[in-house]
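Heavy atoms only: backbone and side chains are in, while hydrogens, waters and symmetry mates are out. Residue numbers count from 1 along this sequence. Just so we're clear, the structure is a prediction, and the values are computed from it rather than from any experiment. Read the numbers this way: they start at 1 and go in the same order the structure lists the ligands and their atoms.
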Amino acid sequence: MAKSWSDKEITSILSSREPRMLDELFDAADRCRRDSVGPNVFLRGLIEFSNECQRNCYYCGIRKGNLSIRRYRLTNYEIIALAMSAFEGGYSSLTLQSGESDETREINEVVHFVQVIKAQSQARDNTGQGLGITLSIGELTFDQYQALWEAGAHRYLLRIETSDRQLFSRIHPPGQYYDKRLHCLDALKTIGYQVGTGIMVGLPGQSIENLVRDLQFFVERDIDMLGIGPYIPHPNTPLYKQPAFDFDPFIMTLKIIALARLMMPDINIVCSTALQIINPRGLELGLKAGANIVMPVLTPEDNRGNYSLYINKNYTQPQELVDRIRMFGYEVDPWTWGDSRHYAARQAQE
Ligand code: 5AD
């Protein structure tokens with residue numbers, strides 16, 4: 001059982017600028033990760049299958065109102081072929097992500113390709129396990145989540161973005177509700193998914209106090225997986241011109257990852273792409289801070305540039321990521337799904 005952390009303790013770490021404190025924090029988080037989830041880093045091949053989006057989030061480059069990107073949606077055939085070549089290439093887990101659409105026709109398509117990917121990968125796997133599938137396709141209805149679960153997806157990522165209601169409503173247009181997001185997270189948990197959430201760090205108007213609450217929010221919601229990334233302003237979004245907050249978002253993100261690891265030792269924490277983009281050592285330092293999941297981008301090159309949540313200049317080849325993880329002293333485990341241990345512990349308790 002992890003110790004519980006007071007707001008005061010968290011605040012003092014988040015506001016400290018002591019280099020020695022940082023080293024100690026990252027060492028403690030790294031040790032904690034090794035003790036509770038092991039030395040392995042697990043991969044999820046990321047397929048961004050569509051950038052079509054019905055939402056207008058003020059920070060996001062694929063928002064509906066951004067008319068300057070080319071919209072794409074891979075065909076089911078392309079998605080299945082990509083998934084299967086990832087499987088043949090040694091991935092045992094995938095994350096399938098897209099812009100948001102809750103239209104029945106669209107969701108039925110996702111149900112279909114998830115079913116096919118599961119069936120084909122299971123048929124080619126002598127353990128019968130096939131590919132582990134994480135979805136990240138936004139706010140849907142209970143029945144849609146249920147249908148996707150029955151199709152074979154077993155993990156779902158839906159970031160809260162900020163646990164502060166006021167800040168949430170400043171970064172989302174009217175009609176996108178904080179309570180709806182909570183409701184979706186509840187639905188996912190009820191159905192049985194491993195549930196991941198997360199935030200952006202460095203949003204205009206975000207305070208240390210907000211970040212402290214965010215960490216407590218993750219503990220209170222008993223989440224299984226976490227994705228934390230720095231906010232990266234995108235020129236074609238309404239939030240672009242707003243002044244960012246007073247802290248270095250890179251260091252602040254690392255601190256939050258480290259605290260999250262210490263507060264919730266057995267969850268899975270992703271070393272986000274955004275973290276890797278704002279700093280050339282983002283991958284290594286994210287792992288050192290306690291992250292244990294990496295998602296190499298497998299989206300075809302023609303589409304990659306248009307999946308521009310933020311300005312994304314430096315693409316790293318999957319093999320280079322794997323080499324760097326190994327060079328930095330961690331094991332990459334391609335054979336197991338690397339499910340959240342916290343989820344298993346939660347199931348055993350129920
Ligand atoms: N900077 C950083 N992260 C972003 N996301 C969307 N836009 C940005 C941005 N400008 C993140 C959100 C979303 C995830 C898929 O990408 O947190 O949940």
Side-chain angles (χ1 to χ4, degrees), residues 44 46-66 68-69 95-101 134-140 155-164 167-168 170-173 176 178 180-182 184-185 188 195-206 210-211 214 217-218 223 225-245 247-250 252-254 256-257 260 269-279 282 286 291 293 295 297 299 304-314:
R44 278 89 177 87
L46 177 63
I47 301 176
E48 298 146 328
F49 64 87
S50 166
N51 68 353
E52 284 164 8
C53 193
Q54 68 192 25
R55 303 275 180 202
N56 245 327
C57 306
Y58 292 159
Y59 45 85
C60 184
I62 67 165
R63 65 198 303 274
K64 188 178 174 187
N66 182 8
S68 61
I69 52 169
T95 296
L96 306 174
Q97 194 181 68
S98 69
E100 239 176 90
S101 169
T134 306
L135 290 176
S136 173
I137 60 174
E139 292 179 0
L140 304 176
R155 299 180 289 237
Y156 203 102
L157 307 174
L158 182 66
R159 289 189 181 174
I160 190 75
E161 315 296 359
T162 169
S163 67
D164 185 84
L167 184 55
F168 187 96
R170 284 206 299 275
I171 63 171
H172 294 106
Q176 277 180 243
Y178 182 83
K180 171 86 196 292
R181 200 61 67 103
L182 291 184
C184 288
L185 289 169
L188 291 163
V195 182
T197 191
I199 54 159
M200 286 176 287
V201 176
L203 289 164
Q206 195 175 38
N210 292 149
L211 297 169
D214 290 334
F217 171 89
F218 304 142
I223 56 147
M225 312 180 289
L226 193 60
I228 309 222
Y231 162 64
I232 305 174
H234 188 298
N236 297 330
T237 60
L239 223 54
Y240 185 59
K241 291 266 178 270
Q242 304 245 344
F245 80 162
F247 307 92
D248 174 349
F250 179 66
M252 191 56 89
T253 303
L254 292 175
I256 294 177
I257 290 176
I269 303 181
V270 68
C271 183
S272 62
T273 314
L275 187 71
Q276 299 174 46
I277 281 169
I278 60 160
N279 187 296
I293 303 284
M295 297 197 198
V297 179
T299 310
R304 224 182 280 141
N306 287 308
Y307 200 83
S308 46
L309 306 174
Y310 33 77
I311 296 299
N312 181 353
K313 289 192 204 78
N314 20 355

Within-shell test, Pro230 vs ligand 1, heavy atom, strictly < 4.0 Å: yes
Starting from [atom], locate the nearest protein heavy atom and write down its residue, its atom name and how far away it is, to 0.1 Å.
{"atom": "atom 16 (O) of ligand 1", "answer": "Leu309 CD1, 3.4 Å"}
{"atom": "atom 1 (N) of ligand 1", "answer": "Ile232 N, 2.9 Å"}
{"atom": "atom 7 (N) of ligand 1", "answer": "Tyr59 CD1, 3.4 Å"}
{"atom": "atom 17 (O) of ligand 1", "answer": "Glu161 OE1, 2.5 Å"}
{"atom": "atom 4 (C) of ligand 1", "answer": "Met200 SD, 3.4 Å"}

Test of proximity, Ala274 against ligand 1: N or O pairs below 3.5 Å: no
Per-pair distances, 0.1 Å, donor-acceptor, side chain in residues 226-241, under 3.5 Å, sequence neighbours excluded:
unit_1	atom_1	unit_2	atom_2	d
His234	ND1	Asn236	N	3.0
Asn236	ND2	Ser68	OG	2.8
Thr237	OG1	His234	O	2.6

Gln276 side chain near Cys271 side chain, heavy-atom distance below 4.5 Å: yes
Within-4.5 Å side-chain heavy-atom neighbours: Arg181 and His172: yes
Parallel, tilted or perpendicular, as decided by the 30° and 60° cut-offs, for the rings of Phe217 and Tyr178: tilted
Ligand 1 contact on His234 by region, counting heavy-atom pairs under 4.0 Å: neither
Ligand 1 contact on Cys57 by region, counting heavy-atom pairs under 4.0 Å: neither
Rounded distance [0.5 Å steps], CD in Glu139 versus CG in Leu188: 10.5 Å
Thr299 side chain to Ile47 backbone, donor-acceptor under 3.5 Å: no
Heavy-atom donor-acceptor pair, Asn66 side chain to Gly61 backbone, under 3.5 Å: yes
Ligand-side contact atoms (ligand 1) for residue partner Gln97, heavy atom cut-off under 4.0 Å: 15 (C)
Atom indices of ligand 1 within 4.0 angstrom of Arg159 heavy atoms, with elements: 11 (C), 12 (C), 17 (O), 18 (O)
Counterpart residues, ring pair (Phe, Tyr, Trp, His ring centres under 6.0 Å), relative to Tyr58 (two or more places apart): none
